[in-house]
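So the structure is just underneath, and the comments pick up after that.
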Amino acid sequence: MSLAAEPISPLLRTASRSVQRAVSELRRGDLVMLQGGDGRALLLRAAEMADAPALALVRQAAAQGGAGEPTLVVTDKRAIAAGLLAQAVEPAQADPTGAGTVVIAPAPGLTPDLVRLLADPTRPGHATLDITPTVRPFPSAEGEALLLVKLARLLPAVVVAEVPATRAAEVAARNDLLTVRGADVQAYQAAGESTLRQVVEASVPLLDAEDTRLIAFRAPDGGVEHLAILIGNPDPAQPVLARLHSECFTGDLLGSLRCDCGAQLRGAIREIAAQGSGVVLYLAQEGRNIGLMNKLRAYRLQDAGVDTVDANLMVGFEADERTYLPAATMLKALGFHAVRLMTNNPDKLSQLARWGVQVVDRVPHIFPANGHNIAYLRTKAEKAGHLL
């Protein structure tokens, strides 16, 4: 198998660089200017970092461009959990992850406490607001702002102030702000996942599978890395026994009993070795792709009695934000176009098929409950449709 890769186009490289820099700025708590695909310009700052000085800077920069009072943008799932929206946005109006965009503009204006209360479900308290949220059909500048903070693995909530498009460049230059295009934000994730390339391969004997090689994949823009755990020498001409495993720091590394992830990972390696050959794709999609910090927030809600699916929704995400384009890209790069998939999740079957990988068989992958994860497994079966 070759480690050669197609060169990345200059246009894709420039777009990826601006999105990555915007992600970095937001994670540091800085302001970013977003040129929306709808022709509007927004000043934005991650809501989870919107303390009093941060809000003051948003207002100051917005005033320079003749903008009005900042507003808070959240997903429809978060707005429902906060009691501000009755039902989810219609799918036709949602972003590619399935989330609707909701703009909240309280009459008294935003305060740090109010932003935290509306954005973070782990914050104690309850807001009683006499406001009617505005739903923005996607694509919109606000929806693109939410996609950007999701890429940053922050809470899916952002403080924004609309600046006249004719003044956006002036405001950005005056405040030394990075500008990112909404169209680039929309295209970023799929572009990286479809251009994953093999970077390095090494022999790594494992406890239960000594004949194992690790093959690292990374997008040409230097983004997130995924691993293929190749056991034995599977024949690309035959359907390969495969497991798609989303990384789980708490389960895989620490041995958490809250989930069955560690058991599934080690069990897949053992079973593939016993069968002679196959591959485990270790995908960088922590917490169903919401990130470790947000997964811990969801854990806080679960400790209060909320189930796994509803906890993700309350934080503001979809129940499952994963995409299987990177898995399909990796399988094809390894020469595999048909798989016998070790999974209990029917969605993985349809997702791989969507991206051009044939699933010829589903191999059940079930492990006993441990006493701590019974409710978790029950929720997977009853709400996520897992075949347990």
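On a predicted model such as this, the values are computed, not experimentally measured, just so you know. Computed over heavy atoms, backbone and side chain alike; hydrogens, waters and symmetry mates excluded.
A 4.5 Å side-chain heavy-atom check between H226 and L281 finds every atom pair outside the cut-off. Side-chain contact between V279 and I272 is absent, with no heavy atoms from C-beta onward closer than 4.5 Å. Contact check for F138 versus V89: no side-chain heavy atoms found under the 4.5 Å cut-off. Residues L196 and R218 have side chains not in contact (no heavy-atom distance under 4.5 Å, counting atoms from C-beta outward). Looking at L118 and L84, their side chains come closer than 4.5 Å, going by heavy atoms from C-beta outward. With contacts defined as side-chain heavy-atom distances shorter than 4.5 Å, the pair L331/W355 does not qualify. Between L42 and V73 the shortest side-chain heavy-atom distance does not fall below 4.5 Å. The shortest side-chain heavy-atom distance between R362 and P346 does not fall under the 4.5 Å cut-off.
How far OG1 of T134 is from CG of L85: 10.5 Å, rounded to the nearest 0.5 Å. Atom CZ of R266 and atom SG of C261 lie 10.0 Å apart (nearest 0.5 Å). Atom CG of L230 is separated from atom OG1 of T212 by 8.0 Å, given to the nearest 0.5 angstrom. A distance of 5.0 Å separates NZ in K348 from CG in L244, rounded to the nearest 0.5 Å. Distance CG/L148 to CG/L26: 5.0 Å, rounded to 0.5 Å. Between atom CG of residue L110 and atom CD of residue E69 there is a gap of 6.0 Å, rounded to the nearest 0.5 Å.
Remark: the backbone N or O of L265 is not paired with any side-chain donor or acceptor of R243 at under 3.5 angstrom. Of the possible polar contacts, none joining the R123 side chain to the L117 backbone as a donor-acceptor pair under 3.5 Å is found. With N175 contributing its side chain and L177 its backbone, the two residues share no donor-acceptor pair below 3.5 Å. A distance-only check finds a donor-acceptor pair linking the side chain of D307 to the backbone of D310 [under 3.5 Å]. The backbone N or O of G29 lies less than 3.5 Å from a partner atom in the side chain of R45, making a donor-acceptor pair.
Counting only N and O atoms by type, the side chains of R322 and S246 include a donor and acceptor under 3.5 Å apart. Checked by atom type, the side-chain pair N233/R213 shows a donor-acceptor distance below 3.5 Å. For the residue pair R354 / S350, no side-chain donor-acceptor distance below 3.5 Å is found, with atom types taken as modelled.
L154 and L313 are assigned to two separate hydrophobic clusters, defined by single-linkage of ILVMFWY side chains at heavy-atom distances under 4.5 Å. One hydrophobic cluster, built from ILVMFWY side chains closer than 4.5 Å, holds both Y324 and L349. Put simply, V224 and L227 are part of two different groups of oily side chains (I, L, V, M, F, W, Y) that touch within less than 4.5 Å, one to the next.
Residue pairs meeting the side-chain hydrogen bond (donor to acceptor under 3.5 Å, both in side chains) criterion with at least one partner in residues 137-160, sequence neighbours excluded, are R40-E142, T97-K150, R136-E142, E144-Q186, K150-E321, R153-N289. Counting only residues at least two apart or on different chains, the side-chain hydrogen bond (donor to acceptor under 3.5 Å, both in side chains) pairs with a member in residues 71-82 are K77-E318.
Scanning all heavy atoms of the two residues, the minimum distance from F217 to A228 falls at CE1-CB, 4.0 Å. When all heavy atoms of A41 and A168 are compared, the pair lying nearest together is CB-CB, 3.6 Å. Of all non-hydrogen atoms in T308 and Q302, the two that sit nearest each other are CA-NE2, 3.9 Å. Taking every heavy atom of both residues into account, A328 and L352 meet most closely at N-CD2, 4.1 Å. Taking all atoms of both residues into account, the shortest heavy-atom contact from L147 to P96 is CD1-CD, 4.3 Å. A pairwise comparison of heavy atoms in N344 and Q264 identifies ND2-NE2, 3.7 Å as the closest pair.
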- request: Go through the steps for L31 and E25 under the test side-chain contact (heavy atoms from CB on, under 4.5 Å), then give the verdict.
  value: CA-CA 7 Å; L31 274 168; E25 295 287 286; over 6 Å; no

message: For a side-chain contact (heavy atoms from CB on, under 4.5 Å) check, start with the C-alpha distance between L214 and I229, then their side-chain angles and the critical distance, and finish with the verdict.
response: CA-CA 5 Å; L214 293 190; I229 304 170; 3.6 Å; yes

field: Steps toward side-chain contact (heavy atoms from CB on, under 4.5 Å) verdict (D120, E48)
entry: CA-CA 7 Å; D120 188 348; E48 69 178 80; over 6 Å; no

Derivation of the side-chain contact (heavy atoms from CB on, under 4.5 Å) call for Q198 and M330: CA-CA 8 Å; Q198 300 175 44; M330 294 165 70; over 6 Å; no

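Apart from L155 itself, the hydrophobic cluster it occupies contains I290, L301, V306, M314, V315, F317, where clustering links Ile, Leu, Val, Met, Phe, Trp and Tyr at side-chain heavy-atom distances under 4.5 Å.
Heavy atoms of other residues, nucleotides or ligands lying less than 6.0 angstrom from CD of E170 number more than 12. Within 6.0 Å of atom CG in L254, more than 12 heavy atoms from other residues, nucleotides or ligands are found, so the atom counts as buried in its surroundings.
Of the charged side-chain nitrogens involved, at least one lies within less than 4.0 Å of a carboxylate oxygen, so that D303 and R258 count as a salt-bridged pair. Between R116 and D113 there is a salt bridge, since a side-chain N of the basic residue sits under 4.0 Å from a carboxylate O of the acidic one.
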